[in-house]
Undergrad: 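Supplied in structure tokens, the structure appears directly below.
Quick caveat, the model's predicted, so the values are computed rather than measured. Per chain, numbering begins at 1; letters A, B, ... match sequence-line order.
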Amino acid sequence: MRWKKFALFLSVIGPGIITANIDNDAAGITTYSVAGARYGYALIWTLIPTTVALVVIQEMVARMGVVTGKGLSDLIRENYGVKVTVYMMLGLFLANFGTTVAEFAGWAASWEIFGVSKYIMVPLGVLAVWLLVTRGSYVSLERILLMACVVYLGYVVSGFMAKPDWSEVIRQTVVPQAKLDPQFMMLGVAIIGTTITPWMQFYLQSSLAEKGVRKEHYNLTKIDVVVGSLFTDIIAFFIIVACAATLFPAGIRIGEAHEAAVALRPFAGGYATVLFGLSLANASLLGAIIVPLATSYYICEGMGWERGVNKTFREAPQFMWIYTAMLAMSAVIVLVPRAPLVFLMVLSSVVNGLLLPFVLIFALRLVNDPRIMGEHTNPRVYNYITWGTILAIIVLAVVAVVSTVAPLG
Amino acid sequence: MPLFGELFLSEIVRKPVLDPKGEEVGVLRDVSVVKGETFPKISSIIVEKRKKTFAVPWNKINIFNKRVMSINVYSGSLVPYELSEEDLLVRRDILDKQIVDANGAKVVRVNDVKLEGLNNDALLVAVDVGMRGILRRMGFERRGEDLLRLLRIRLGQNLISWNYIQPLQSKLSEIALNIPGEMVSELHPADLADLISQVSHEEGAQFIEGLDIETAADAIAELEPDTQKAMFTDMDVARAADIIEEMDPDTAADVIGSLPTETARAILAEVEREEAQDIQELLNHESDTAGGIMTNDFLAYPPDITVEECLKRYRVDAEEIDSEAAYYMYVIDAEDRILGATSLRDVLLAEPGKVLAEIMETNVKTVTPEADEMTTAVTIAKYNLIAIPVVDSESYLLGIVTLDDVVDRMVPSRAKRKLRSI
């Protein structure tokens with residue numbers, strides 16, 4: 001029967017596409033919206049090198065998961081010892097805690113567009129996440145996540161509804177341009193930083209290891225990873241286009257993704273606002289499901305603590321506490337008036353930025369170790385591209401920090 | 001007696017090792033262990049100096065404690081030693097790895113390793129899996145303790161005696177003890193499945209290897225389908241068959257059905273007849289694909305043999321094969337990839353001196369193992385074939401579906417009686 005082949009495809013397909021899509025979380029959508037509103041199409045070209053780096057890095061990590069059957073924190077711990085692992089997990093916790101706050105903030109904001117109070121939606125969101133994770137199985141979780149990925153297509157529709165000048169869009173996509181403007185550079189860094197994040201490397205590798213994809217089926221996984229990465233950046237492209245075609249010419253500056261949704265109404269109509277808002281809610285909730293869960297997993301995996309969503313507080317205290325604390329504290333921070341929301345998110349993105357080069361360097365060293373990977377070590381081109389990305393991230397991060405501390409004008 | 005009392009590996013790693021003159025030979029990199037009377041014992045220490053490694057046998061060691069390590073060999077007379085995968089190195093192969101605590105029925109990670117002096121040996125007596133071990137490795141066990149005392153938290157030792165340790169790597173099995181294995185076998189299958197699902201599939205398979213057939217079957221039945229599949233993939237076929245026999249037929253069929261055809265077929269061939277028939281009957285429901293109805297009795301030859309040679313081989317090979325499967329001869333490369341096909345008619349009509357590559361048809365119609373029986377039948381009918389090769393995405397020739405097999409499946413009364421021919 002035909003569905004059997006499809007079932008095989010589905011059974012292998014998933015982790016790559018899901019990871020890549022959750023990548024477009026609240027923070028990602030905010031960055032793209034702000035970039036489009038502030039600079040029009042001028043930053044779109046950065047998506048092309050970002051996509052290349054994303055594909056290469058994700059493929060590398062996916063390969064590690066399939067070949068070793070182990071997660072990234074597992075491999076780091078086994079090969080580099082306790083110290084490195086503890087510091088890395090600490091960084092990952094801080095960064096991802098900030099990310100979770102951002103997800104719930106995005107979730108709250110998207111419902112405020114429709115006039116629903118965050119005091120109703122945030123507790124509801126936490127409850128939904130909690131139920132899905134503790135009551136659902138991995139398979140059902142994956143199905144729901146794959147389904148939710150389809151909602152992202154709302155951004156593509158919004159992009160078309162904004163009626164952009166396509167020839168102009170394409171011209172600016174393929175012709176790179178740079179502005180000596182700190183905010184421009186900051187946004188450039190943010191686009192890379194929000195697309196390639198530390199936690200997704202951990203997530204992708206673990207979910208592949210757990211699925212037990214066989215080396216023979218690795219080609220399907222490769223397709224999964226590449227398609228997922230392309231899809232992510234296509235969505236990003238349409239978000240930027242939607243905001244660039246409408247808000248940029250009108251000179252409307254925004255600082256948040258939900259502002260983009262509201263600001264779109266006069267230009268692209270009420271439907272665009274609804275689509276933008278719902279997609280943001282969906283993206284935020286997806287992130288809120290995965291990020292805290294994933295974080296608790298890797299920390300416990302690396303430290304050797306009992307883990308699993310079906311465990312009790314007694315059986316797996318560290319796992320349950322880390323997970324619950326991340327969820328609960330994020331919700332509280334979003335709900336408490338005048339909480340240092342912005343400070344936390346900036347901190348989170350700084351930690352993420354600092355962490356990413358280390359994660360990539362460790363991943364690169366592991367993937368090139370024949371004791372671990374056998375004949376599946378990296379082709380040389382991959383190493384060049386990854387090193388290039390690491391260098392670019394470091395340079396850009398330094399530039400971003402310097403220009404924030406000492407603005408050029 | 002070089003070691004009195006006890007010490008932790010983390011207290012001596014990267015500490016200097018001295019020669020009789022008190023000069024530094026290098027730093028301690030690792031210790032190598034072998035099977036002892038009860039606990040594993042240190043056979044030599046690995047010293048590192050300027051990227052070079054040296055192995056110093058245990059009987060050459062004078063003092064071995066956390067303050068001083070000295071050997072009675074001069075640094076000049078040490079011969080460099082290349083570490084091999086065969087060695088059992090505590091730091092490389094045990095530290096930071098996951099192991100099974102048979103007593104607590106848990107997967108834990110080794111944070112530190114405790115060594116103890118007994119007579120003239122140093123034994124590996126326990127592993128530290130607690131917070132203390134982590135703090136010690138980080139280098140602030142003391143400060144951490146002080147801080148926790150302020151917070152009125154007492155940090156207990158969390159050591160597991162080597163008596164209760166079941167390693168998960170095959171190379172460590174020689175220093176593993178029997179007791180933990182027996183303890184593990186007593187655990188509830190669901191607990192075993194839980195242990196297995198927390199480690200990599202390779203380690204899980206290694207763990208299953210250590211269980212008796214009955215326990216293994218119960219544990220595997222509790223696993224998620226993906227993990228089940230992984231457990232069977234590299235298992236010895238005879239053992240896999242024993243485990244399958246031990247399972248309920250429907251569980252067995254689910255497992256068998258999810259395995260790659262080749263593996264499944266190999267395992268089923270070893271399973272007792274009656275049991276195998278039960279399983280096959282259940283499998284029948286999912287067998288309406290080319291992969292389910294194909295046979296792997298077919299004729300295949302390399303491209304470079306002559307027509308004469310081909311006929312000579314045919315006379316031997318075709319004897320064993322049904323007549324409808326013996327009409328075509330497939331031409332395959334060394335890796336079983338299909339290159340072309342020819343028929344008995346074409347071979348008989350060709351000049352005896354030509355090679356098969358010259359007379360074969362290269363545009364061969366094939367089906368994938370996943371193709372449904374209708375697609376397979378339609379393809380056979382469309383190209384007027386007697387049999388069609390089943391080929392995977394990398395053009396490996398997996399088997400052939402013959403015309404009569406397809407007819408059998410299309411005629412309902414007979415199809416019902418036909419079992420999946422694994």
Undergrad: With only heavy atoms counted, which part of A:V86 is less than 4.5 Å from chain B, the side chain, the backbone, both or neither?
TA: side chain

Undergrad: For the residue pair B:K106 and A:W305, establish whether any side-chain heavy-atom pair is separated by less than 4.5 Å.
TA: no

Undergrad: For the CZ atom on A:R365, are there more than 12 heavy atoms of other groups (residues, nucleotides or ligands in this structure) within a distance under 6.0 Å?
TA: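 Counting other residues, nucleotides and ligands, CZ of A:R365 stays at 12 neighbours or fewer.
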
Undergrad: Which answer fits A:T68, side chain, backbone, both or neither, if we ask what part of it has an atom under 4.5 Å from a heavy atom of chain B?
TA: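 Answer is backbone: N, CA, C or O of A:T68 sit under 4.5 Å from chain B.
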
Undergrad: Just give me the residue among B:R91, B:R137, B:E202, B:Q98 that pairs up with chain A most often, heavy atom to heavy atom, under 4.5 Å.
TA: B:R137

Undergrad: Measuring only between side-chain heavy atoms, which start at C-beta, is A:N219 closer than 4.5 Å to B:E394?
TA: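 Yes, side chains in contact.
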
Undergrad: Tell me, yes or no, whether the heavy-atom count around B:E85 atom CD, taken from other residues, nucleotides or ligands under 6.0 Å, exceeds 12.
TA: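 Atom CD in B:E85 is packed in, count exceeds 12.
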
Undergrad: B:Q198 and A:E301: side chain to side chain contact (heavy atoms under 4.5 Å, CB included), yes or no, with the steps?
TA: CA-CA 9 Å; B:Q198 289 199 33; A:E301 184 181 58; over 6 Å; no

Undergrad: Nearest 0.5 Å please: distance from the CG atom of B:D96 over to the CG atom of A:L75.
TA: 12.0 Å

Undergrad: What part of B:M131 lies closer than 4.5 angstrom to a heavy atom of chain A: side chain, backbone, both or neither?
TA: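 Side chain of B:M131 only, per the 4.5 Å heavy-atom cut-off to chain A.
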
Undergrad: If every non-hydrogen atom of B:S200 is compared with every non-hydrogen atom of A:G69, which pair is closest and at what distance?
TA: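 It is CB-O, 3.2 Å.
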
Undergrad: Non-hydrogen atoms of chain A under 4.5 Å away: do they reach the side chain of B:V199, the backbone, both or neither?
TA: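 Contact with chain A is absent: no heavy atom of B:V199 under 4.5 Å.
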
Undergrad: State whether the number of non-hydrogen atoms from other residues, nucleotides or ligands found under 6.0 Å of A:K83 atom NZ is greater than 12.
TA: no

Undergrad: Considering only NZ, NE, NH1 and NH2 on the basic side and carboxylate oxygens on the acidic side, decide whether B:E203 and A:K70 come within less than 4.0 Å.
TA: yes

Undergrad: Is it true that B:R109 and A:D74 make a salt bridge, defined as a side-chain N closer than 4.0 Å to a carboxylate O?
TA: yes

Undergrad: Using heavy-atom distances under 4.5 Å, tell me whether B:R92 contacts chain A through its side chain, its backbone, both, or neither.
TA: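 Side chain only.
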
Undergrad: Against chain A, label B:D93 side chain, backbone, both or neither, depending on which of its atoms sit under 4.5 Å from a heavy atom there.
TA: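 Looking at B:D93, just its side chain touches chain A.
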
Undergrad: Using a cut-off of under 4.5 Å for heavy-atom pairs, which of B:N111, B:L95, B:T227, B:V108 has the most such pairs with chain A?
TA: B:N111

Undergrad: Which value, rounded to the nearest 0.5 Å, describes the distance between A:E78 atom CD and B:K97 atom NZ?
TA: 4.5 Å

Undergrad: Can you confirm whether A:F358 is buried at CZ, in the sense that more than 12 heavy atoms of other residues, nucleotides or ligands lie under 6.0 Å from that atom?
TA: no

